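Read the numbers this way: they start at 1 and go in the same order the structure lists the ligands and their atoms. Just so it is clear, the model here is predicted, and its values are computed rather than measured.
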Amino acid sequence: MKNQYMLDVLETVKKRNPGEPEFIQAVTEVFETIEPVIEARPDLVAAGVLDRIVEPERQIIFRVPWVDDSGKVRVNRGYRIQFNSAIGPYKGGIRLHPSVYMGIIKFLGFEQIFKNSLTTLPMGGAKGGSDFDPKGKSDAEVMRFCQSFMTELYRHIGADCDVPAGDIGTGGREIGFMFGQYKRLQNEFTGVLTGKGIPYGGSLARTQATGYGLCYFTDEMLKANGKSFQGQTVVISGSGNVAIYACEKATELGAKVVAVSDSNGYIYDANGINLDVVKQIKEVERGRIKEYAERVPGSVYTEGCKGIWTIPCDIALPCATQNEIDGESAAILVKNGCYAVAEGANMPSTPDAINTYLANGVLYGPAKAANAGGVATSGLEMSQNSQRLSWTFEEVDEKLHNIMKNIFAACDSAAKTYGMEGNYMAGANIAGFLKVAEAMKAQGCV
Ligand code: NDP
């Protein structure tokens, strides 16, 4: 990046956000790819769009006290970052994981601005979470935590203001507890959260949406390059919500998924992952993925996460967490013949990994485009709640499919317009940025 104005803004970001490397990484990645737009648009510079877009509109940090099953008081820290509302109400998930701190929530909130813009739906960017770990907690403990979390959060959110959703550690159970508490405190039944259960305003296909959407996007990217999922070997990291439904759709589209993982280790199953077993372990029993090897003959479990990227594959779909593929793992993927990587997780590839993909002609579907199907379907859930209607699974799935096709087309076309054909990361950043930038300029210095 050579543009002095952009370098100055980035310097300010670094000074203002010390000790938050993930956020700096996310901003740097976007800046590096939108440089040609900034060069061509002095009006956006004059409107201070970049100076403003890197600063969250509002950040909330709060105490979350709760009592565990033994009667002991526990305290976690809660976060909500309302990053940008230029094109719609704040929207973004809630992450519950011990690694959560301000830098993680900030990077996720920043990414969410561009992702939500790409969906074509009217949603601003936000993210929230807590360092609470739902793993190993009883249902009653999770409920008490969620109720306490919402007892502060409820005053900052609302169906037309800020609509949180799930993320790592926040699934249907947690959303249900949070929704119940919001309803009790506000005495109103509105679409204030998405990812709700079907009986109380959830959308059909929301559970499947991020994983299915990832495969729809990947399918478009493959087709545009003369390839398809048919007969391909796929490695998927994670075994949570995104990974499970990516595995389901990739298999349906003719691929063989040979690996899944969790934060302890990974499974290799040369016969193709048996998804019913994974669902039973992860969705029903909330167990560990190593149990798969005890139930499926011929499969192998290996401790540690990184080794999954040494399994030869045609297509890699990282669906666990940030920075899970580094330069070394990317080089091994390439050496073993992997020609496409599409991101279900947020920022799973380090900058070194991305450079390795681009230098070796690997088709690369960046997170903010490839995993936008989740939030897009959350947007569709908001529409159904506003209309007081429920659409069928097929209707929602078809809309999701079209949105993912359009997102790929927008990335492809923006990359071509700015002379970076085939660089879908640049295309996604440029297309996502431009819509928000125009809205910010039009609304004046706010
Ligand atoms: P889940 O909590 O359902 O699953 C997360 C999976 O990733 C689990 O298998 C988990 O293993 C593993 N994992 C989590 N943290 C780590 C870590 N530090 N190292 C290795 N593995 C880890 O979350 P989701 O499937 O919802 O989310 C996965 C990714 O997708 C995240 O990056 C999220 O931000 C992104 N995403 C999710 C969307 C959604 O709709 N849910 C939408 C868009 C993006 P373990 O069980 O051992 O913790």
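Counting only residues at least two apart or on different chains, the ring pair (Phe, Tyr, Trp, His ring centres under 6.0 Å) pairs with a member in residues 384-408 are Tyr216-His401, Phe217-Phe408, Phe408-Tyr424. Residue pairs meeting the side-chain hydrogen bond (donor to acceptor under 3.5 Å, both in side chains) criterion with at least one partner in residues 329-338, sequence neighbours excluded, are Asp326-Ser329.
No cation-pi contact links Lys183 to Tyr200, judged by a cut-off of 6.0 Å to the six-membered ring centre and 45° from its axis.
Using a 4.0 Å cut-off between a side-chain N of Lys or Arg and a carboxylate O of Asp or Glu, Arg144 and Asp69 qualify as a salt bridge.
Using modelled atom types and a 3.5 Å distance limit, the side chains of Thr350 and Asp352 yield no donor-acceptor pair.
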Which atom pairs, donor and acceptor, lie under 3.5 Å between side-chain atoms of residues 102-116 and protein residues at least two apart or in another chain?
unit_1	atom_1	unit_2	atom_2	d
Lys106	NZ	Asn17	OD1	2.5
Lys106	NZ	Glu20	OE1	2.7
Lys106	NZ	Glu20	OE2	3.4
Glu111	OE2	Lys368	NZ	3.3
Gln112	NE2	Asn116	OD1	3.0
Lys115	NZ	Asn346	OD1	2.7
Lys115	NZ	Asn371	OD1	2.7
Asn116	ND2	Lys91	O	3.1
Asn116	ND2	Gly124	O	2.7

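Near ligand 1, residues Arg95, His97, Lys135, Asp167, Ile168, Gly169, Arg206, Thr210, Gly238, Ser239, Gly240, Asn241, Val242, Ser261, Asp262, Ser263, Lys282, Arg288, Cys305, Cys319, Ala320, Thr321, Gly344, Ala345, Asn346, Asn371 come within 4.0 angstrom through at least one heavy atom.
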